[in-house]
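Below is one structure; the comments refer to it alone.
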Amino acid sequence: MVKTEVWVEEAWQNIIQKINNTSRIIGAQFPHVSVEGKYECAEPHWWTAGFWPGQLWLIYRDTQDESLKTIAEACERKLDQVIMDYTRLDHDMGFMWTLTSVARYKLLGAEDAKRRALLVANLLMGRYNANGHFIRAWNPWFEGDENTGYAIIDSAMNLPLLFWASRETDDPRFRSVAIRHANTILDHFIEADGAVHHIVHFDPETGEKVESLRGQGYAPHSAWSRGTAWAIYGLTLCYTYTQEMKYLQAAKRVAHFFLSHLPDDFVPPWDFRLPADVTPYRDSSAGAIAAPGLLLLAEQVSSIEAHIYQRAAENILQSLYVNYGAWDDPQEEGLIRHGTSHYPQQKHLDNPLIYGDYFFVEGIARLKGDQDVFWS
Ligand code: GLY
């Protein structure tokens with residue numbers, strides 16, 4: 001096995017080279033999924049809009065390459081149209097503005113970026129349902145959609161924007177909404193064995209739980225691997241912001257479930273509980289998201305436990321680099337192959353996904369020594 005430091009540095013150089021090339025093709029757009037080597041771009045309101053500029057900021061932090069900064073700033077400005085389009089804004093504001101405005105504020109101290117992120121944090125806080133103590137996930141995007149009472153596990157990664165806003169403003173409102181939503185995650189999304197539900201439907205008037213729904217997983221009580229990864233990282237971040245042990249314990253429980261279900265190459269299938277007749281496509285993005293979450297988890301625990309999480313994260317990232325990376329194909333715009341976006345809708349079952357790429361880059365940056373993440 002190659003020594004850790006060597007493969008990490010090699011991976012970082014490959015990332016820089018590929019992103020330099022693709023940045024000239026993609027520019028200030030919002031890539032989502034790479035199909036036959038070309039990234040398809042989504043509209044700015046789509047939840048994935050932050051990941052490309054987020055990647056550019058991670059590279060810029062190391063190389064100071066002004067051309068990447070210029071593109072990331074242009075992406076952030078393009079997102080302004082979304083702020084004014086209430087019907088298309090959903091809870092993924094956290095993903096979108098943490099990796100654009102919060103990132104630019106943290107790296108460059110830009111006051112306009114801070115104001116933008118605070119405005120969006122207010123909008124995210126406004127999605128809180130005080131009856132059920134949850135942040136509403138989506139709006140009714142399609143005729144007939146009724147999702148007023150839906151909350152989803154991905155939201156765990158949107159909470160850092162609220163914690164950040166309280167820290168910046170000394171105003172506890174954002175934080176208390178984040179804490180209430182995080183408690184709802186503990187109460188309704190995490191099973192005793194560490195498996196995670198994607199969607200929980202609450203009655204928006206009484207706040208009572210109605211049902212769990214499969215969402216992007218195979219079944220309501222299966223185990224969607226990307227949701228599990230969102231929970232590992234999101235709950236660990238909740239712990240770092242609050243120092244509340246219950247979030248750390250839940251993050252560990254979910255991490256143990258995740259790690260004990262990994263196949264030999266450390267990269268999960270899209271759902272950990274699939275019947276034999278369903279194709280267990282890999283979801284490389286789930287591995288990529290879990291890895292920096294595990295690295296953060298390793299920093300919160302005793303050295304004996306830390307070793308387990310650190311080693312697991314390194315194994316995942318090294319396998320993604322060696323077995324899934326598209327370094328051998330200069331025509332492929334994605335970095336990491338074999339992501340599964342949405343199996344139940346049969347959408348993008350074996351493709352590079354921008355969030356898989358983003359979290360892989362974040363994980364490698366951390367292994368390389370850049371400890372700060374935009375979520376913290
Ligand atoms: N946040 C949606 C997903 O993970 O696919």
Side-chain angles (χ1 to χ4, degrees), residues 30-35 39-40 42-52 54-55 82 88-100 124 127 134-139 141-142 145 147 150-161 181 185 189 195-201 212-218 222-235 237 254 258 267-272 281-293 334 336 338-360 362-363 375:
F30 301 100
H32 174 209
V33 52
S34 172
V35 179
Y39 253 120
E40 290 180 352
E43 288 184 70
H45 75 275
W46 191 239
W47 74 279
T48 54
F51 295 114
W52 170 243
Q55 266 185 86
V82 187
R88 302 181 97 182
L89 272 175
D90 64 26
H91 75 145
D92 288 319
M93 287 179 261
F95 281 117
M96 294 159 76
W97 276 276
T98 300
L99 298 182
T100 52
L124 178 57
R127 298 185 72 81
F134 65 89
I135 293 172
R136 177 179 176 177
W138 303 307
N139 291 351
W141 295 330
F142 302 105
D145 273 359
N147 50 21
Y150 282 18
I152 68 172
I153 190 61
D154 325 30
S155 59
M157 286 302 287
N158 288 318
L159 301 182
L161 181 65
H181 182 83
I185 291 178
F189 283 78
V196 168
H197 302 293
H198 185 193
I199 303 178
V200 179
H201 175 196
S212 300
L213 297 166
R214 71 172 181 173
Q216 285 163 256
Y218 175 73
S222 66
W224 180 45
S225 59
R226 192 159 64 249
T228 316
W230 293 136
I232 293 171
Y233 203 170
L235 291 171
L237 283 160
V254 178
F258 187 93
V267 175
W270 67 275
D271 194 304
F272 289 119
Y281 290 104
R282 289 288 200 266
D283 182 9
S284 54
S285 76
I289 294 159
I336 301 296
H338 308 303
T340 295
S341 162
H342 198 318
Y343 185 91
Q345 289 183 357
Q346 292 290 292
K347 268 196 201 146
H348 310 310
L349 303 183
D350 193 18
N351 300 76
L353 299 166
I354 194 66
Y355 34 97
D357 286 3
Y358 171 82
F359 284 98
F360 174 74
E362 190 187 289
W375 319 98

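All ligand and atom numbering here is 1-based and tracks the order in the structure.
Using bins of under 30°, 30° to 60° and over 60° for the plane-to-plane angle, the ring pair Y281/Y343 lands in the tilted bin.
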task: Kindly determine whether V196 and W224 satisfy side chain to side chain contact (heavy atoms under 4.5 Å, CB included), including the steps that lead there.
output: CA-CA 7 Å; V196 168; W224 180 45; over 6 Å; no

query: Yes or no on side chain to side chain contact (heavy atoms under 4.5 Å, CB included) for H32 and E40, after CA distance, side-chain angles and deciding distance?
result: CA-CA 6 Å; H32 174 209; E40 290 180 352; 5.8 Å; no

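With a heavy-atom cut-off of 4.0 Å, Q216 touches ligand 1 through its side chain alone. If you look at W47 next to ligand 1, the close heavy atoms, those under 4.0 Å, all belong to the side chain.
Within the 4.0 Å heavy-atom cutoff, W230 counts among the residues contacting ligand 1.
Looking only at side-chain heavy atoms (C-beta outward), E43 and V82 stay at 4.5 Å or farther from each other.
Applying the 6.0 Å contact sphere to OH of Y150 captures more than 12 heavy atoms from other residues, nucleotides or ligands.
Of the protein's non-hydrogen atoms, the one nearest atom 1 (N) of ligand 1 is D154 OD2, 2.5 Å.
Residue contacts with ligand 1: R226 is placed with a nitrogen or oxygen under 3.5 Å of a nitrogen or oxygen of the ligand (distance criterion only).
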